[in-house]
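Here is the structure we will look at.
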Number of protein chains: 2
Amino acid sequence: MTRKQLHFVQSLGRGLAVLQAFSAERSSLKLSEIAQITGLNVTAAQRFTDTLMQLGFIHRDKHREFHLTPKVLSLGFAFLNGSQLKRLGADLMDRCSQRLNRTMNMAVLDGDAVVFLHRSETQRFLKFDLQAGSRLPSHSTGTGKALLAGLEDNELFHKLENMELTQVTSYTLTTPRTLWDDFMEIRKRGYAICDREMNLSLYSLGAPVFNGEGKTVAAINISLSVEEAKGDQPKKMLEELWDLSREISLSMGWDGPYPAYPPPAPWPGQED
Amino acid sequence: MTRKQLHFVQSLGRGLAVLQAFSAERSSLKLSEIAQITGLNVTAAQRFTDTLMQLGFIHRDKHREFHLTPKVLSLGFAFLNGSQLKRLGADLMDRCSQRLNRTMNMAVLDGDAVVFLHRSETQRFLKFDLQAGSRLPSHSTGTGKALLAGLEDNELFHKLENMELTQVTSYTLTTPRTLWDDFMEIRKRGYAICDREMNLSLYSLGAPVFNGEGKTVAAINISLSVEEAKGDQPKKMLEELWDLSREISLSMGWDGPYPAYPPPAPWPGQED
DNA sequence: TCTTTTGTTTCGCTGAATGGTAGTAGACTG
DNA sequence: CAGTCTACTACCATTCAGCGAAACAAAAGA
């Protein structure tokens, strides 16, 4: 792990590593497990667990196993509720979702994953349980593709070359080259189509949200079942989605040409 | 801030303080503001912001202001999805919520606040927007009161004496003594009533969830408008809520007498 | 029971973390 | 545009916070 040594507070890094050792699958850990996962020696791990306990972020049950406490949620909550995006967009999205009787989501990019900020639910059955904070691979979701298409060419290229392109279904695009072409289509069209790439019964449309500088800061999506996608539903939904994305972008300060995607560019890698 | 000095890793504490300096209201901070809020000198604050940036938890915009990144959500998400409670209870609650066409919530206690873990939404209008991670004062919510009533007597007393009992509406109970009496009623009845104590048009019923040892680990609630609460709706809702709480407790391993609240106890403080 | 694994405590060493100072870049003002 | 803030960055000597080995204690298995 090469990291600029200058100005890096080791103890903070290690302590956060301890917090991150917990996950949905590994929700209770023994001291020795924490030490193993983080690569710390046991004594050090103990110092950090002690500290985190005193701060109330983890707690130890009677079997001497550590768990995260609800306090860790408060960190994420500060982010969610402080985000201008959510404040401005959530209401607009809720209303649109109600009107269409469709579940919609708003997401941002974090590393190679899309993270959901807000979900407007409806009664419809197609229940694909996501909630604020959920993460999904970006290359196989409507929101993810709408977001990736908004990156600068070189950043996009670099990311494609380095990210893991998991084959989620047989429809998932898994090579940098094919995805690049898809993104260029998205830039032209202004919206993303994700047809069974995430789930064999799911057809999702994703549209970007731009901030005052025309940078892609978020994406919204609307899902249809594959059945519905055969009719003229997509067209209608797309219009609504498009209008909504425009409206949210406007409230974020973008009043320039729409969409504000960069112009399509040729594949910058070696042809093979 | 008195804190056991032994085995407390200062740098971790300070670094986390920097993260916690951000909130919904203060979502973007300058270096000097961070230093001021955390009580660190500027140089130290810089070391921590540097570290947190390198770790991807915060980022700095072009106006040199710091923001949290979506990465902080992942910490809370590990907690949410690792919680047995949520895994077991969410589905049961969703189904119940659908059947009754009522929004329900599940919450746990964290310090003096209730933190919502899961929300089962319905179309109903009474929209009081909460989402996983939201925090509310515990003394004025149905879930909060159901949770507090489950504390050990001395813990409950101590908490009541030390927590801030904000007067949210004119109905909110704000003295330790009156709340104590209310909690004893809750222990007898097995459920909490929160009538306009949080919001003048809200009537909420809260029921506890017990774990395998009979400890109160969570609470669920169902809300009615004050209008509806006048009829025989509460009775019906209560039955459903009660059954659900029992069912969730059972799946958590509690098969003893119900409810598993401690027995009512007299007010331990000085009479005045 | 004994053995193995896991967790706790101690302690001397060292460099990570500290905070003062001085220098620099932006922002605001008149 | 000079002048004056204030906010931020870079540097560096000092030192104590954090470190890990090792000895000890306590659970968990067998």
Side-chain angles (χ1 to χ4, degrees), chain A residues 1-23 25-69 212-213, chain B residues 1-23 25-69 212-213:
Chain A
M1 202 189 302
T2 43
R3 169 158 290 147
K4 201 175 26 165
Q5 287 302 305
L6 201 62
H7 289 190
F8 184 81
V9 181
Q10 194 186 49
S11 308
L12 175 53
R14 291 178 164 188
L16 286 168
V18 169
L19 274 186
Q20 293 183 93
F22 294 89
S23 66
E25 298 77 43
R26 328 207 59 174
S27 63
S28 78
L29 295 172
K30 294 191 294 186
L31 182 58
S32 50
E33 291 176 315
I34 291 178
Q36 194 221 316
I37 296 172
T38 56
L40 295 168
N41 78 39
V42 197
T43 314
Q46 201 182 37
R47 274 198 295 275
F48 292 115
T49 52
D50 261 34
T51 306
L52 291 170
M53 279 178 70
Q54 288 177 55
L55 294 172
F57 288 104
I58 61 178
H59 108 284
R60 197 168 200 181
D61 65 23
K62 60 177 179 307
H63 307 298
R64 301 202 287 170
E65 299 214 312
F66 295 99
H67 301 264
L68 295 175
T69 70
E213 284 90 42
Chain B
M1 203 192 300
T2 43
R3 167 157 291 149
K4 199 172 32 164
Q5 286 304 305
L6 202 61
H7 288 188
F8 184 81
V9 181
Q10 195 186 48
S11 309
L12 175 53
R14 290 178 165 189
L16 286 168
V18 169
L19 275 186
Q20 293 183 93
F22 294 89
S23 67
E25 298 77 43
R26 329 207 58 173
S27 64
S28 79
L29 295 171
K30 293 191 295 185
L31 182 58
S32 50
E33 291 176 314
I34 292 178
Q36 194 220 316
I37 295 172
T38 57
L40 295 168
N41 77 40
V42 194
T43 314
Q46 200 183 32
R47 274 197 296 276
F48 293 114
T49 51
D50 260 33
T51 306
L52 291 170
M53 280 177 70
Q54 288 178 55
L55 294 171
F57 288 104
I58 61 177
H59 107 285
R60 199 168 200 182
D61 65 24
K62 61 177 178 309
H63 306 297
R64 299 203 285 172
E65 299 214 311
F66 294 99
H67 301 263
L68 294 175
T69 70
E213 285 90 40

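Order of the sequence lines sets the chain letters (A, B, ...), proteins ahead of strands, with each chain counted from 1.
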Nearest nucleotide by nearest heavy atom, which residue falls closer to the 5' end of DNA chain C, Arg47(A) or Val9(A)?
-> Arg47(A)
Side chain of Leu31(A) (C-beta onward), nearest among dG7(C), dT18(C), dC19(D) | dG7(C)
Heavy-atom closest pair, residues His67(A) and Ser28(A) | CE1-CB, 3.2 Å
What do you reckon, is CD of Glu65(A) surrounded by more than 12 foreign heavy atoms closer than 6.0 Å?
-> yes
Rounded to whole Å, the CD-P distance (Glu65(B) to dA27(C)) equals 11 Å
May I have the distance from Leu40(B) (atom CG) to dT9(D) (atom P), rounded to whole angstrom?
-> 15 Å
To the nearest Å, how far apart are Asp61(B) CG and dG26(C) P?
-> 15 Å
Between dA26(D) (P) and Lys62(A) (NZ): distance, integer Å | 21 Å
Which nucleotide in dC8(D), dG20(D), dT6(C) has an atom nearest any side-chain atom of Ser32(A) | dT6(C)
Between Phe66(B) and Phe22(B), what is the shortest heavy-atom contact and its length?
-> O-CE2, 3.4 Å
For the student: nearest non-hydrogen atoms of Arg60(B) and Leu31(B), plus distance = NH2-CB, 4.1 Å
Go through dG20(C), dA16(C), dG7(C) for me and flag the one nearest to the Gln10(A) side chain.
-> dA16(C)
To the nearest angstrom, the CG-P distance between Asn41(A) and dG7(C) comes to 13 Å
Starting at the 5' end of DNA chain C, what dot-bracket string do you get if Watson-Crick and G-U pairs under 3.5 Å are bracketed, crossing pairs use [ ], other-strand pairs use | and unpaired bases use dots?
-> ||||||.||||||||||||||||||||.||
Rounded distance in Å - CD (Gln46(B)) to C1' (dG19(C)) = 13 Å
What nucleic acid atoms does Arg64(A) come within less than 4.0 Å of, heavy atoms only: base, sugar-phosphate, or nothing?
-> sugar-phosphate
Sorted by position of nearest nucleotide on DNA chain C, 5' first, the leading residue of Ser11(B) and Val42(A) is Val42(A)
Going through the distances and angles, do Phe48(B) and Arg14(B) end up as a side-chain contact (heavy atoms from CB on, under 4.5 Å)?
-> CA-CA 8 Å; Phe48(B) 293 114; Arg14(B) 290 178 165 189; 3.6 Å; yes
His63(A) NE2 to dG7(C) P, straight-line distance once rounded to whole Å | 14 Å
All heavy atoms of Thr51(B) vs all of Gly13(A), minimum pair found to be CG2-N, 4.4 Å
Taking only side-chain nitrogens and oxygens of Arg60(B), does any of them come within less than 4.0 Å of OP1 or OP2 of dA7(D)?
-> no
When the P atoms of dA23(D) and dA27(D) are considered, how many whole Å apart are they?
-> 22 Å
Please report, rounded to the nearest Å, how far the C1' atom of dG7(C) is from the CZ atom of Phe48(A).
-> 17 Å
Is any side-chain nitrogen or oxygen of Arg14(A) closer than 4.0 Å to OP1 or OP2 of dG20(D)?
-> yes
Check against side-chain contact (heavy atoms from CB on, under 4.5 Å), Leu40(B) and Ile34(B) | CA-CA 8 Å; Leu40(B) 295 168; Ile34(B) 292 178; 5.7 Å; no
